[in-house]
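So that the names make sense, note that chain A is the first sequence line, chain B the second, and so on, each numbered from 1. Keep in mind that the numbers below use all heavy atoms, side chains included, and drop hydrogens, waters and symmetry copies.
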Amino acid sequence: MNSIKISDNVLNWYDANRRTLPWRYEQDQVADPYRVWLSEMMLQQTQVDTVIPYFQKFTAKWPTVNDLAKADLDDVLHLWQGLGYYARARNLHKCAKLIAEQFNGVFPTSPAELATLPGIGPYASAAIAAIAFNVPATVVDGNVARIVSRVFGFSAPIRHNQKHIYTAAESLTPCLRAGDYAQALMDIGSGICTPRSPKCNLCPLQQNCKAYKSGAPEAYPGRLEKPSIPTRYAVAFICINDKQMLLRKRTGQKMLQGLWELPGSDWYIDSLPELPEDIHEPYVDVKHTFSHFHLITRVMQVSEVDAEYLNGAELLCNIHDFDQLALSTLTKKLLQSQK
DNA sequence: AAGCCGGGGAT
DNA sequence: ATCCCAGGCTT
């Protein structure tokens, strides 16, 4: 009885506060599973306002999953550049080809089948089933985990409490309007039940929330002590000859695989790598932070690059054609530092 | 269970 | 600077 009231409150809030988004459908519309899937892949660890322009570019260039399946991975990475977690783009392309070639271009509707596809895990399989097909799956992302922890008064860190959180979330999930309910919870999580300074006075769950009643809702759920991240160091070379610049493609590495970068050293812990003695060019140190380390790169312009920094594959790119290659934010930052 | 994988927004 | 995010994959 209590749980029914909670989902009704959530859905009523959604009807009054629903935000229009390019991948969001009205109750009387039939959702396009391709757009729902694409949005979910982009929204992983990424905020809505960041995703919107990427979603527009992708759907304009590839309106259907069959179009995306026929694309080159290089082009997919190019449109993905700047969005981060590039394994998502590689899995996106792999999944599109699977759907096109083995599923006749039709997405499966059950969470279990969806979860077998690359890039689709426990969260996304439930979200796609609920939002695209109205399957009453229990959708638990970071927002929902935080809301549930607060409503039920769970003080444990999310990472150590996932089973309890899922069970509690399941007990609240309505049979009807599963997609609207899931999206409503995520809107509430990102806009009201925020990690810091939650806006409890605007929350449709206020009267059901143990964390609110405790007087310190922001203390739920507990946080894990986050380890400080190390700093790595590298050297990179800008080598321009006759309006062409030397670039190389990242292959083999896990990070930024498939993207183009400046030739340079590996990323060393502790200190800058030794430079050849004949290099005395002026330089700029550029700092960039990845998810698990800082990187300080010493950038310098040189007239030639030693073979040890080329790493095989290389490309002389016309400096006016950068916008045709997939570059990471780091590489863009290094190039920008010289202007 | 814990580590790896980007980048940007909010504070 | 620090924390967080519409997580999944790997070990």
Requested in this report: Look at all strands and tell whether A:Thr329 reaches a base, only sugar-phosphate, or nothing, counting heavy atoms closer than 4.0 Å.
Outcome: sugar-phosphate
Query - A:Arg159 side chain near B:dG3 phosphate (N/O to OP1/OP2, under 4.0 Å) - result: no
Query raised in the report: Would you say B:dC5 has OP1 or OP2 under 4.0 Å from some side-chain N or O of A:His292?
Result: yes
Report task. Using the P atom on both, measure B:dC5 against C:dA6 and round to a whole Å. Result -> 23 Å
Query raised in the report: Counting distance only, does the side-chain N/O of A:His78 pair as donor-acceptor with the main-chain N or O of A:Asp323 below 3.5 Å?
Result: yes
**Report entry** Nucleotide C:dT2, atom P - distance to CZ of A:Arg196 in whole Å
**Finding:** 12 Å
Requested in this report: Please report, rounded to the nearest Å, how far the P atom of B:dG7 is from the CG atom of A:Leu77.
Outcome: 12 Å
Report task. Kindly give the heavy-atom pair with the smallest separation between A:Trp23 and A:Arg35, and that separation in Å. Result -> CB-O, 4.0 Å
Report task. May I ask you to check whether A:Phe58 and A:Phe55 place their ring centers less than 6.0 Å from one another? Result -> no
Query raised in the report: For A:Gly119 and A:Arg223, take the nucleotide of DNA chain C holding the closest heavy atom to each; which residue's nucleotide lies nearer the 5' end?
Result: A:Arg223
Query raised in the report: Taking only side-chain nitrogens and oxygens of A:His294, does any of them come within less than 4.0 Å of OP1 or OP2 of C:dA1?
Result: no
Requested in this report: Would you check if the distance from the ring center of A:Phe290 to the ring center of A:His292 is below 6.0 Å?
Outcome: no
Requested in this report: Test for a donor-acceptor pair under 3.5 Å between the base of C:dG7 and the side chain of A:Tyr123, counting only N and O atoms.
Outcome: no
Query raised in the report: When we call it a touch if two heavy atoms are under 4.0 Å apart, what does A:Ala182 touch: a base, just sugar-phosphate, or nothing?
Result: nothing
**Report entry** Check: A:Gln44 side chain, A:Met42 main-chain N or O, donor-acceptor pair, under 3.5 Å
**Finding:** no
Query raised in the report: Counting any heavy atom closer than 4.0 Å, what does A:Leu83 reach on the DNA or RNA strands: base, sugar-phosphate only, or nothing?
Result: base
Report summary line: Taken to the nearest whole Å, NE2/A:His160 to C1'/B:dG3 is 13 Å
Query raised in the report: Contact class for A:Phe290 (heavy atom, under 4.0 Å): base, sugar-phosphate, or nothing?
Result: sugar-phosphate
**Report entry** Heavy-atom check, side chain of A:Thr50 versus side chain of A:Leu83, under 4.5 Å
**Finding:** yes
Query - Minimum side-chain heavy-atom gap A:Phe154-A:Ile165 below 4.5 Å - result: yes
Query raised in the report: A:Gln253 CD to B:dC4 C1': how many Å, rounded?
Result: 15 Å
Query raised in the report: How is A:Met186 classified with respect to the nucleic acid when contacts are heavy atoms under 4.0 Å: base, sugar-phosphate, or nothing?
Result: base
Query raised in the report: Is it the case that more than 12 heavy atoms not belonging to A:Gln29 sit under 6.0 Å from its CD atom?
Result: yes
Query - Spacing of the P atoms in B:dG6 and C:dT11 (rounded, Å) - result: 15 Å
Query raised in the report: How long is the line joining CZ of A:Arg232 and P of B:dC4, in whole Å?
Result: 9 Å
Query raised in the report: Quick one: do the A:Asn143 and A:Arg146 side chains pair a donor with an acceptor below 3.5 Å?
Result: yes
Query raised in the report: Contacts to DNA chain C from residues 126-146 of chain A, heavy-atom cutoff under 4.0 Å, which residues?
Result: A:Asp141, A:Gly142, A:Asn143, A:Arg146
Query raised in the report: Looking for any heavy atom pair under 4.0 Å, which part of the strands does A:Ser328 touch: base, sugar-phosphate only, or nothing?
Result: sugar-phosphate
Report task. Could you check how far CH2 of A:Trp267 sits from C1' of B:dC4, rounded to whole Å? Result -> 13 Å
**Report entry** Contact list for residues 44-67 of chain A, test salt bridge (charged side-chain N to carboxylate O under 4.0 Å, His left out), sequence neighbours left out
**Finding:** A:Arg19-A:Asp49
**Report entry** Length of the line joining A:His288:NE2 and B:dC5:P, which is rounded to integer Å
**Finding:** 13 Å
Report summary line: d(A:Tyr54 OH, A:Gln81 CD) to nearest 0.5 Å is 7.0 Å
Requested in this report: Would you mind telling me which residue lines up with the more 5' stretch of DNA chain B, A:Ser197 or A:Tyr86, judged by nearest nucleotide?
Outcome: A:Tyr86
Requested in this report: Determine the contact category for A:Gly82: base if any of its heavy atoms lies under 4.0 Å from a base atom, sugar-phosphate if only primed atoms, P, OP1 or OP2 are that close, otherwise nothing.
Outcome: sugar-phosphate
Report task. Measure from CD1 on A:Ile229 to P on B:dG7 and round the result to the nearest Å. Result -> 13 Å
Report summary line: Closest to the side chain of A:Lys254, out of B:dC5, C:dG8, C:dT2, is B:dC5
Report task. Scan residues 14-50 of chain A against DNA chain B and write down, sorted by residue number, each residue with any heavy atom closer than 4.0 Å; if none is found, say none. Result -> A:Gln45, A:Thr46, A:Gln47
